[in-house]
Amino acid sequence: MSTNPTPVARTTVAGARTRLLVPTLLFTALVVAAVGSLGAPLITSVATTFHVSLAAAQWTLTITLLVGAVASPLLGRLGAGPHRREAILATLVVVVAGSVLTVLPLPFTCLLIGRAAQGAGLGLTALMMGVARDHLPTHRAGGVIALVSVASTVGIGVGYPLAGRLTDVAGVRAAYTLGLVVTALALLAAWFSLPAVPAGRTSRLDIPGTLLLSGGLLAILVNASQTSLWREHLGIALGLAGAAALLIAGWVSRELHTDTPLVDIRLLRHPAVAGANLTMALGGVGMYLLLTLLTRFAQTPESAGYGFGLSVFEAGLTLVPFSVMGFVAGRLHPKISTRFGARTTLATSSATILAAFLVLLPAHTSVIEILTAQAILGFGVGAFSAAMPAVILTVTPAAETSSAMAFNQVVRSVGFSFGSAIGGLVLAAHTPTAQNFPTNHGYTVAAATGMAIMTLTILTAVTVVRAGHTRRPTDPA
């Protein structure tokens, strides 16, 4: 008796996979973002649990972001080839294995290795966008890509309150257990629902280009994330900056003279793509700077003369409006972009983030002001993230979707790192000797710096709008 599935059974399975595809894309993007940021609210608990310094515990976040930035262009190129499904599944296996290391009662070094493995998942967002563009109808693909982009950004705030609460109740490993559960679910969903790449795709990996870009990114991000280098080891910081410049220059030269570039530099030079990536870099600095300031301000004890003395869990709850309004903006994006265009949305969302900075300045009397700023920031970040792919993909061939968006994710990571670094440096400069907290004026200076950066972002986004006018009839958004 034959054991082959009947046509009806095959049709039922295929239908189930199709229905699960969009939820899987969104869930995976949300999970890798939440797990990647999981280190931030746990730094103090990690230091206490593992008996290490706060500087060492900080690496549970830093190493994840570093690996994510390096993995993004590599996975982006693999996603442009015939083995995208295999690349996604293999990466999720690595993430799950890393999650296991964070849960087991092993030394601190194993925790760092696990967090590094989890960082590889941050490179999957662009591949999710490539899947959506290849396998969804055109009228749906744009909206789903926008939501994937939103999930990868506002998902940063999803894990904060949960991680804080689990740590308070059952310890730091309970919070990491949550990461293991959701990443395992993402792997199962991807294995069941992700389709194979369309026939005819070919892609070769440029190993020398990968090494040059990886080295340059590592130097940039270590410099940005370890702000103490600039205060205590200026020579090392300058050396890393010089090495980064040389490696990136070498990478650009390599990409322009090879038939198998890791990232198509010629495509990146298109005015719309170049403008969008510059807008992403500047906007990433501004939005992460404000997110850092709001979180730190909320947790500062009232004895410092300002702040609200919130616990990790309570501070995490202030990010709920950020995440909720970010998803609202993502859901509204198709209607907004149809009315105004993706490029105009990019500019107006940058102005929305600027408005959130204005709310921070007088935020001294009530937590409501922090919640309001988070909500405005979330809406601005959600709209910004939703509009970005549409601007880039307007001039990007379908086969290059993963690679182009992976580079944009790298730019975003660099922007986030510099935003965090600038906030840390400004507040450190306004922290009196022998004091634990900066003065209130430090937050004013940091906010003013962020407002200047967001003003530049708006001007850059407006330039992108003007550069795209000649292509407006083909704008899919």
Side-chain angles (χ1 to χ4, degrees), residues 33 37 40-41 150 153-161 164 282-302 304-330 332 345 347-386 415-416 418-424 426-427 430 437-458 461:
S37 65
V150 170
T153 303
V154 302
I156 293 172
V158 172
Y160 274 56
L282 291 170
V285 173
M287 65 180 70
Y288 209 80
L289 171 58
L290 180 53
L291 193 63
T292 301
L293 294 178
L294 289 171
T295 305
R296 287 189 59 169
F297 191 98
Q299 293 183 79
T300 301
E302 296 180 1
Y306 62 92
F308 303 105
L310 302 185
S311 67
V312 173
F313 172 60
E314 292 168 336
L317 288 178
T318 68
L319 288 167
V320 171
F322 171 82
S323 296
V324 170
M325 293 306 296
F327 279 110
V328 169
L332 293 177
T345 303
T348 54
S349 62
S350 301
T352 303
I353 297 171
L354 176 60
F357 273 101
L358 294 174
V359 178
L360 170 64
L361 291 178
H364 297 159
T365 59
S366 172
V367 177
I368 297 298
E369 295 165 327
I370 297 293
L371 296 175
T372 302
Q374 291 280 24
I376 295 172
L377 175 62
F379 192 88
V381 169
F384 187 98
S385 301
F416 282 5
F418 274 97
S420 177
I422 290 172
V426 172
L427 294 182
H430 289 82
F437 301 99
T439 63
N440 192 25
H441 181 65
Y443 281 92
T444 302
V445 174
T449 303
M451 291 170 65
I453 292 170
M454 288 312 304
T455 300
L456 288 176
T457 305
I458 295 169

Minimum heavy-atom separation for R296 to P438, with atom names? NH2-CD, 4.2 Å
Donor-acceptor pair, distance only, cut-off 3.5 Å: does the side chain of S385 make one with the backbone of G382? no
Students often mix this up, so state it plainly: with edges at 30° and 60°, are the rings of Y443 and F297 parallel, tilted or perpendicular? perpendicular
With a 4.5 Å cut-off on side-chain heavy atoms, are V285 and M454 touching? no
Out of curiosity, L291 CG to L319 CG, how far, rounded to the nearest 0.5 Å? 5.5 Å
Nearest atoms (heavy-atom pairs only) where L290 meets L377: CD2-CD1, 3.9 Å
To the closest 0.5 Å, what do you measure between CE (M287) and CZ (F357)? 9.5 Å
Nearest non-hydrogen partners of T295 and Q374, listed with the distance: OG1-NE2, 4.4 Å
Step by step, work out the side-chain contact (heavy atoms from CB on, under 4.5 Å) result for T153 and F384. CA-CA 10 Å; T153 303; F384 187 98; over 6 Å; no
What are the two closest heavy atoms between I458 and A347, and how far apart are they? CG1-O, 4.3 Å
Determine whether L360 and L294 satisfy the following criterion, side-chain contact (heavy atoms from CB on, under 4.5 Å), listing intermediate values before the conclusion. CA-CA 7 Å; L360 170 64; L294 289 171; 3.6 Å; yes
Which residue, T455, T449, L456, forms the side-chain contact (heavy atoms from CB on, under 4.5 Å) with I453? T449
Looking at T318 and L371, would you say the former's side chain and the latter's main chain have a donor-acceptor pair under 3.5 Å? no
Smallest separation among heavy atoms of V154 and F322, with atom names: CA-CE2, 3.8 Å
What's the verdict on side-chain contact (heavy atoms from CB on, under 4.5 Å) for I376 and L358, showing C-alpha distance, side-chain angles and the deciding distance? CA-CA 10 Å; I376 295 172; L358 294 174; over 6 Å; no
Which atom pair, heavy atoms only, marks the closest approach of G380 to S349? O-CB, 3.5 Å
Taking the side chain from T348 and the backbone from T345, do they hold a donor-acceptor pair closer than 3.5 Å? yes
Show your working on side-chain contact (heavy atoms from CB on, under 4.5 Å) between L293 and L427 and close with a plain yes or no. CA-CA 9 Å; L293 294 178; L427 294 182; 4.0 Å; yes
Below 4.5 Å, heavy atoms only, C-beta onward: do L317 and L310 meet side chain to side chain? no
